[in-house]
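Structure record follows, encoded as structure tokens.
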Amino acid sequence: MLQLRLLCVGKVKEGYLQDGIREYTKRLSPLIRLQIQEVSDEPSPENAAAALAEQVKEKEAARILRLVRDQDYVILLTPGGNILDSPGIASQLEQLANQGKSSIVMIIGGSLGVSRSVKERADF
């Protein structure tokens, strides 16, 4: 069975979103093993200078990359990335499973984005 881990920077605080996550996790359970891991975000002042923003992203990257294993296929979800709809994501996951990739990690970065080290680790 395909194992999909979603690594997210920050916590989901809203109850209705937590309810939705539980519902979709339950719906997906016959198809994939879904695990959601939240890593703490780094405090950052609004309109932080570029150097400070980079430090924040590096600290968050260390937390993220600690949870990524060598055998994981990493998909970075980023505003500047390829746009896939639900069928496109399903097709991508099916192709990966057919290629023998059974451990997939999707990463959602923090409000400032992700560091270069996370981008370099991403396979897609």
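Residue numbers count from 1 along this sequence.
Within the 3.5 Å criterion, the main-chain N or O of Val12 finds a donor-acceptor partner in the side chain of Gln18.
Inter-residue side-chain proximity for Asp123 and Ile75 is flagged as unmet; no heavy-atom pair is nearer than 4.5 Å. Counting heavy atoms from C-beta on, the side chains of Ser115 and Glu60 never come closer than 4.5 Å. Side-chain contact check for Leu2 versus Leu31: every heavy-atom pair is 4.5 Å or farther apart. At a threshold of 4.5 Å between non-hydrogen side-chain atoms, the residues Val114 and Thr78 do not count as touching.
Interatomic distance, Leu77 CG to Cys8 SG, rounded to the nearest 0.5 Å: 8.5 Å.
Smallest separation of non-hydrogen atoms from Leu4 and Met106: CD1-CG, 3.9 Å. What you find for Ile107 and Leu76 is that their closest heavy atoms are O-CD1, 3.7 Å. Closest approach of Val9 and Gly110 over heavy atoms only: CB-N, 3.6 Å. Of all heavy-atom pairs between Ser117 and Glu58, the closest is OG-OE1, 3.8 Å.
Leu6 is not connected to Met1 by any chain of hydrophobic side-chain contacts under 4.5 Å among Ile, Leu, Val, Met, Phe, Trp and Tyr, and they are in different clusters.
Side-chain atoms of Gln3 and Arg33 form a donor-acceptor pair, as typed in the model, at a separation below 3.5 Å.
The side chain to side chain donor-acceptor pair (under 3.5 Å) test with Asp72 singles out one residue from Arg5, Arg121, Lys101, and that residue is Arg5.
Using a 4.0 Å cut-off between a side-chain N of Lys or Arg and a carboxylate O of Asp or Glu, Glu42 and Arg63 qualify as a salt bridge.
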